Amino acid sequence: MKLSKPRGTRDFLPGEIARRRYVENTMRDVVIKWGYNEVMTPTFETLELFTLKSGDDIIGELYNFTDKGGREIALRPELTAPVMRMYVNKLQSKPHPLKLFYFENCFRYERPQKGRFREFWQFGTEVIGSDKPEADAEVIALAVNILDSIGVKGALHVGDLRIIRQLLSGLDNEQQTKVMRYVDKNDDTGLDEYLEEIEVPAETRRNLFELISLQGSDALKKAREITGNIPELDNFEELLKLLDFYGLDYTIDFGIARGLDYYTGMVFEIYAEGLGAQNQVCGGGSYQLIKLFGGGEVPSTGFGIGFDRIMEVASIEPEEPKKMVVVSTDSTRFEAINIANRLREVYTTHVDIMKRNFKSQLSFANMVEADYAVIVGEREIESGKLTLKNMHTGEQCSMTVDEIINMD
RNA sequence: GCCGGGGUAGGGUAGCGGUUAUCCUGUAGCCCUGUGGAGGCUAUGACCCGAGUUCGAUUCUCGGUCCCGGCCCCA
């Protein structure tokens, strides 16, 4: 009987995982250069960590279970909450800003489809301790930089929830959240009905609809016409100046709500082409979670990149190291092992472990697309010079092991 | 959670109410223990699962499951 893997999970075969590691390492190099430090949190956490910010509704999307000690546990669906929990537990007394990054697998009980799996990988960063536009701008620039480094071009959309919130300041928190939810879903009809239901004045309603439809270059100006000169807009304008300075192309978009999440200020999303319905490859913003988790009033800002989606559109390929196959005869098998070990100082090297004959070993070299076959026969052992066969051209020459190791 | 389309060896496929289930490819071995890519031979290996209809189901029906795509939500 054949076993199958659970739904929404994947096996990564040799070539794929090599590509994934290469892209991962490229991204890693970028964030490290920007001064971010990697952190790692547990694969599972207490269920409460995730329900605290999102409510019990989120349980439907979680892999959760009761452990043998009766504890309610969930596999992490994302990493911002765990990292914030870790911060509150361990990092509050470190110098700020704290600049952290992570690359981990996450789990969500959802219907799998293109670019969506039940186990998926997120690459993300969190900056803790600054609510200044400089921090927001750096985080956005970093996200774009990372995508650039792996050859992904995306459309960057930037907004700020404080402006909508300002407009809705007459509503209580729960009502605001509900409004944001409709905005996030682009459900204009539902939104209108809800605003009607909670008796929002007609003018506010009009303004809200206008604000969330604002997109593009004159959006800021128009927003000012709607809300007046509020400090939130000054702040946003400062952010945009910084983004200009970073040389980023962006679209102002007050329609980004990320309403189900915990964002409170700047929000941004990056969309890539060629991914169908799941075209959002990066999402982030600034938020307040630390107080909720028992820490101080510390602002933070960050983003998550959907690594699996990135892999669909990343356009960089790893460089293969030179590959050698040591070919021996029955009488030189032991010497072949020694020689392979020497070659491994520099090259990826195979030696026969199937007791194959000479010809088959050469055939194997061909199959694995080796660059060179290093022939170790009795003649070579006697003369001390090995036969180096270039598998691409078929040319052969005699060289010592040391010469082969140093040939580049 | 909702709506479509699918599932035959490792990969790609043909077929059909009764076949030894087709072909290509892959892999392993041999022809061939000192020179790869070709060829020949051999081996390997499949009807997603369950129930129903039927004398008989891989084929028809239903349910499940998994994959693919869309909605929703997100990454």
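The structure presented is a predicted model; accordingly, all values stated were derived computationally and were not measured. Both backbone and side-chain heavy atoms feed into the values below; hydrogens, waters and symmetry mates do not. Throughout, protein chains are lettered first and strands after them, A, B, ... in sequence-line order, and every chain is numbered starting at 1.
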Nearest non-hydrogen partners of [X] and [Y], listed with the distance:
X	Y	result
A:Arg76	A:Pro82	CB-CG, 4.5 Å
A:Pro321	A:Asp371	O-OD2, 4.2 Å
A:Leu167	A:Asn207	CD2-C, 3.8 Å

Please name the nucleotide paired to [N] by Watson-Crick or G-U wobble geometry with both distances under 3.5 Å, or report none.
N	answer
B:G39	B:C31
B:C16	none
B:G1	B:C71
B:C47	none
B:C66	B:G6

Length of the line joining [X]:[atom1] and [N]:[atom2], which is rounded to integer Å:
X	N	atom1	atom2	answer
A:Arg111	B:C66	CZ	C1'	11 Å
A:Lys114	B:C3	NZ	P	24 Å
A:Phe123	B:C74	CZ	P	23 Å
A:Asn105	B:A75	CG	P	16 Å
A:Phe101	B:A75	CZ	P	20 Å
A:Glu312	B:A75	CD	P	18 Å
A:Gln113	B:C2	CD	C1'	12 Å
A:Glu110	B:G70	CD	C1'	15 Å

With a 4.0 Å cut-off on heavy atoms, is [X] in touch with a base, just the backbone sugar-phosphate, or nothing at all?
X	result
A:Gly115	base
A:Met367	sugar-phosphate
A:Phe117	base
A:Gly124	nothing

- prompt: Taking only residues two or more places apart in sequence or in another chain, which ones pass ring-ring contact (aromatic ring centres under 6.0 Å, His included) with A:Phe209?
  reply: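 Here no residue qualifies.
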Give me the distance, rounded to whole Å, that separates [N] from [M] when you measure between the [atom1] atoms they each carry.
N	M	atom1	value
B:U22	B:U59	C1'	16 Å
B:G37	B:U27	P	13 Å
B:U8	B:C60	P	14 Å
B:C31	B:C24	P	24 Å
B:G39	B:U25	P	8 Å
B:G12	B:C47	P	16 Å
B:U61	B:U42	P	40 Å
B:G7	B:C49	C1'	12 Å

field: Per-nucleotide protein contact string for nucleotides 29-35 of chain B, where B marks a base within reach and S marks sugar-phosphate only (heavy atoms under 4.0 Å, - for neither)
entry: S--BBBB
Using a 6.0 Å cut-off, check whether atom [atom1] of [X] has over 12 heavy atoms from anything other than its own residue.
X	atom1	value
A:Phe44	CZ	no
A:Glu369	CD	no
A:Phe103	CZ	yes
A:Lys222	NZ	no

field: Per A:Lys5 side chain, nearest of listed nucleotides B:G37, B:C67, B:C74
entry: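 Taking heavy atoms from C-beta onward, the closest nucleotide is B:C67.
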Closest-nucleotide ordering on RNA chain B, the 5'-leading residue of A:Trp121 and A:Ala365: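 Of the two residues, A:Ala365 wins.
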message: Judged by each residue's nearest nucleotide on RNA chain B, which is more toward the 5′ side, A:Val281 or A:Tyr109?
response: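 Its nearest nucleotide being more 5', the pick is A:Tyr109.
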- prompt: Is there a side-chain polar atom (N or O) of A:Gln280 under 4.0 Å from OP1 or OP2 of B:A75?
  reply: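 Checking B:A75 against A:Gln280, a side-chain N or O does come within under 4.0 Å of OP1 or OP2.
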task: Look at A:Lys389 together with A:Glu395 and state whether they make a salt bridge at an N to O cut-off of under 4.0 Å.
output: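 A salt bridge is absent here (no side-chain N lies under 4.0 Å from a carboxylate O).
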message: Any salt bridge linking A:Arg333 with A:Asp330? Criterion: basic side-chain nitrogen under 4.0 Å from a carboxylate oxygen.
response: yes
message: Could you check whether A:Phe268 and A:His157 have their ring centres less than 6.0 Å apart?
response: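 Here the rings of A:Phe268 and A:His157 have centres that are no less than 6.0 Å from each other.
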- prompt: Do A:Phe307 and A:Phe123 have their ring centres less than 6.0 Å from each other?
  reply: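 No, the ring of A:Phe307 stays outside the 6.0 Å limit from the ring of A:Phe123, centre to centre.
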field: A:Arg344: side-chain hydrogen bond (donor to acceptor under 3.5 Å, both in side chains) partners, not counting sequence neighbours
entry: A:Asn341
task: Kindly write out the residues that satisfy side chain to side chain contact (heavy atoms under 4.5 Å, CB included) with A:Ala74, not counting sequence neighbours, or none if the list is empty.
output: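 A:Ala74 satisfies side chain to side chain contact (heavy atoms under 4.5 Å, CB included) with A:Leu47, A:Phe50, A:Leu62, A:Asn64 once adjacent residues are dropped.
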query: Among residues 138-148 of chain A, which residues get a heavy atom nearer than 4.0 Å to RNA chain B?
result: none
Strand contacts (RNA chain B) in residues 27-35 of chain A, 4.0 angstrom heavy-atom criterion: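 Hits under 4.0 Å, by residue number: none.
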Donor-acceptor pair present, A:Arg108 side chain and B:A75 base, under 3.5 Å: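 Side chain to base: pair found, below 3.5 Å.
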- prompt: Any donor-acceptor pair under 3.5 Å between the side chain of A:Arg309 and the base of B:C74?
  reply: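 Result: at least one qualifying N/O pair found.
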